[in-house]
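Report on the structure given below.
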Amino acid sequence: MIEYRTLRVALLGAGSVGSQVAKQLLEHGDELASRAGTRIELVGIAVRDVDARRDVDLPRHLFTTDAQTLILGADVVIELIGGIEPARSYLLQAINSGADVVTANKALLATHGPELFAAAEQVGAQLYYEAAVGGAIPIIRPLRDSLAGDRVNRILGIVNGTTNYILDRMDTEGDDLESALAAATALGYAEADPTADIGGYDAAQKAAILASLAFHTSVPHDAVYREGIEGITKEQIDSARKAGYVVKLLAICERILDPATGRDGVSARVYPALVSRKHPLAAVHGANNAVFVQAENAGDLMFYGAGAGGPQTASAVLGDLVSAARRHVVGGPGVAESTHADIPVLDIGSVLTRYQVSLEVADEPGVLARIAGVFSDHGVSVEVVEQSTPRSLGGEATPVRESPARGATLVIGTHEAPEAALAATVAALAANEVVTSVASVLRVEGA
Ligand SMILES: NC(=O)C1=CN([C@@H]2O[C@H](COP(=O)(O)OP(=O)(O)OC[C@H]3O[C@@H](n4cnc5c(N)ncnc54)[C@H](O)[C@@H]3O)[C@@H](O)[C@H]2O)C=CC1
Ligand SMILES: N[C@@H](CC=O)C(=O)O
Ligand code: NA
């Protein structure tokens with residue numbers, strides 16, 4: 001019979017993900033041990049309140065409110081409490097005591113990643129974080145290991161389950177944002193403070209992690225351009241549907257040329273955008289995530305699956321635990337963070353994109369020409385215009401909708417142009433006397 005060594009595992013947090021990790025570990029520990037080649041013992045679970053009501057029934061004797069003492073005796077520490085402090089201090093304590101660590105905490109990695117990686121490298125410990133991006137979807141290991149021999153040029157994806165669930169419910173069920181968010185929270189998808197999801201902060205943290213890995217460059221989360229879905233209305237979603245689009249919160253990380261230097265730069269950005277209903281991203285429903293990776297030799301790769309949820313995310317955490325256990329058996333140094341390329345992170349203004357702008361305009365002759373003039377003054381080429389009152393505006397386009405007042409609605413789609421020029425165009429339109437209001441501005445992606 002094989003004599004296994006024992007790996008002592010400390011779990012911090014027993015919420016949506018932590019309680020599922022504990023449950024799986026207790027139910028399937030022997031099988032995981034066989035895969036890892038070492039016995040795995042869950043030595044304790046640090047919680048804030050031992051008597052709190054939990055959805056999962058876990059042995060009470062494992063609970064402790066003394067996380068620091070629990071960490072002291074552990075070979076691997078799994079952090080699933082979220083947030084910056086005390087998670088950061090606990091992980092540093094674990095690393096400095098020689099333990100390997102597993103975390104799903106993208107907020108912490110995106111803000112203190114370099115500090116944690118440096119601490120781990122110094123003592124030869126390993127930091128595992130597959131669950132931090134894309135929940136159950138394997139995306140960290142593919143980028144760090146499988147694609148280490150290739151050159152990644154672009155990542156485009158849906159990386160926040162909560163907002164995808166909300167936008168999907170608004171599109172398919174006609175829900176409003178608040179009721180869809182309440183459902184996402186009840187299902188365990190949302191962050192403790194759901195502003196992180198709705199405001200695009202969670203997706204921006206994930207974009208920072210993905211861009212850092214993909215481009216071998218340290219990309220801080222505050223270098224990621226970010227817009228959330230808080231301003232997305234039912235009207236925008238309905239108009240998008242009629243025009244053959246769906247609204248998705250996208251994360252985009254890509255190499256682009258810096259117009260100022262002509263050299264390689266990195267752009268990382270998160271915003272809601274119009275995606276054609278024929279694009280595979282349009283078929284990503286509920287809390288699922290999808291990440292497209294374009295690499296020089298591998299070509300186009302697609303990673304798809306559950307981006308949030310307790311049991312789903314626990315799967316990624318336990319995969320990391322088995323990796324840590326294997327390393328415990330064979331030894332060897334941890335994999336250091338790879339930031340050797342050090343490519344400059346560029347401002348959103350340098351990015352090329354397309355806009356769809358909806359304007360309420362005065363119902364007067366010559367308005368269309370004046371609006372077109374604003375676009376051409378900024379070097380932005382118009383691809384398509386739809387309007388509601390064709391005769392008075394010049395008669396060039398097909399009527400698509402009625403405007404409530406005596407004004408008209410114009411929906412203008414642009415060709416690709418620098419973001420700075422597009423933003424300046426919208427500002428000039430808002431200030432133009434024939435424009436009553438700029439009703440909606442959304443980027444168009446994934447064409
Ligand atoms: N829920 C999901 O679908 C996913 C979550 N994550 C990440 O996983 C981590 C955990 O998320 P959830 O389980 O959803 O959060 P949660 O809010 O359900 O659970 C966190 C638990 O930690 C406990 N806690 C907070 N401070 C503590 C402390 N000082 N000591 C001990 N316990 C403490 C809380 O009482 C709570 O029970 C977060 O970093 C989150 O961003 C990552 C991917 C998916
Ligand atoms: N709140 C996050 C959880 C997973 O990372 C999300 O909704 O994606
Ligand atoms: Na993942």
Side-chain angles (χ1 to χ4, degrees), residues 10-22 44-50 52-56 58 63-68 70-71 78-91 102-111 128-144 157-167 181 184-206 209-210 213 229 249 251 270 286-289 291 303-320:
L11 175 62
L12 313 182
S16 300
V17 184
S19 59
Q20 290 295 332
V21 167
I45 307 172
V47 294
R48 271 197 299 213
D49 176 4
V50 168
R53 214 196 66 76
R54 295 187 169 80
D55 295 339
V56 179
L58 297 169
F63 290 132
T64 173
T65 53
D66 184 357
Q68 283 170 314
L70 180 65
I71 291 167
I78 303 177
E79 182 276 308
L80 294 169
I81 60 182
I84 306 302
E85 286 294 352
R88 171 183 159 274
S89 300
Y90 289 162
L91 285 187
V102 177
T103 181
N105 193 334
K106 51 270 164 146
L108 181 60
L109 289 166
T111 46
Y128 299 90
Y129 54 104
E130 182 55 76
V133 183
I137 306 170
I139 183 66
I140 298 298
R141 262 194 207 82
L143 283 173
R144 196 190 62 184
I158 294 169
V159 295
N160 183 268
T162 301
T163 46
N164 199 62
Y165 178 88
I166 291 169
L167 292 170
L181 172 60
T185 303
L187 288 163
Y189 303 150
E191 295 302 303
D193 174 3
T195 315
D197 299 296
I198 303 297
Y201 298 94
D202 176 84
Q205 290 156 0
K206 290 165 175 166
I209 293 169
L210 292 177
L213 270 175
I229 67 159
L249 184 71
V270 165
N288 286 314
N289 285 188
V291 183
F303 300 83
Y304 168 81
Q312 297 86 345
T313 307
S315 164
V317 172
L318 290 167
D320 279 350

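Whatever order the structure lists ligands and atoms in, that order sets their numbers, starting from 1. If you read the sequence from its start, that first residue is 1, and numbering goes on from there. Just so it is clear, the values below take in all heavy atoms, side chains as well, and ignore hydrogens, waters and symmetry mates.
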*Apply salt bridge (charged side-chain N to carboxylate O under 4.0 Å, His left out) to Asp320 and list each qualifying residue two or more places apart in sequence or on a separate chain.*
Arg141
Please tabulate, one pair per line, all N/O donor-acceptor pairs under 3.5 Å involving side-chain atoms of residues 306-319, not counting sequence neighbours.
unit_1	atom_1	unit_2	atom_2	d
Thr313	OG1	Gly309	O	2.7

*Backbone or side chain, does any N or O of Gly309 fall under 3.5 Å from an N or O of ligand 1?*
yes
_Which segment of Val17 sits under 4.0 Å of ligand 1 when only heavy atoms are counted_ = both
*Give yes or no for whether the N/O distance cutoff of 3.5 Å, strictly under, is met between Gly161 and ligand 2.*
yes
*Under 4.0 Å, heavy atoms only, figure out whether ligand 2 is touched by the backbone of Asp197, its side chain, both or neither.*
side chain
*Among all residues two or more places apart in sequence or in another chain, which pass the salt bridge (charged side-chain N to carboxylate O under 4.0 Å, His left out) test with Asp55?*
Arg53
*Hey, which atoms in ligand 1 end up nearer than 4.0 Å to a heavy atom of Pro86?*
29 (N)
*What protein heavy atom sits nearest atom 4 (C) of ligand 2, and how far away is it?*
Lys106 NZ, 3.3 Å
*Environment of the Na ion (ligand 3) in terms of protein N/O/S atoms, cut-off under 3.0 Å*: Glu130 O, Glu130 OE2, Val133 O, Gly135 O, Ile137 O
*How does Lys106 reach ligand 1, if at all, at less than 4.0 Å between non-hydrogen atoms: by side chain, backbone, both, or neither?*
side chain
*If you count the atoms of ligand 2 from 1 in the order shown, which ones are under 4.0 Å from a heavy atom of Asn160?*
2 (C), 6 (C), 7 (O), 8 (O)
*Mind checking whether Ala131 contacts ligand 1 via backbone (N, CA, C, O), side chain (CB onward), both or neither, at a 4.0 Å heavy-atom cut-off?*
backbone
*To which protein heavy atom is atom 7 (O) of ligand 2 closest, and what is the distance rounded to 0.1 Å?*
Thr162 OG1, 2.6 Å
*asked:* Suppose we measure from atom 2 (C) of ligand 2 to each protein heavy atom; which comes out shortest, and what is that distance?
replied: Glu191 OE2, 3.2 Å
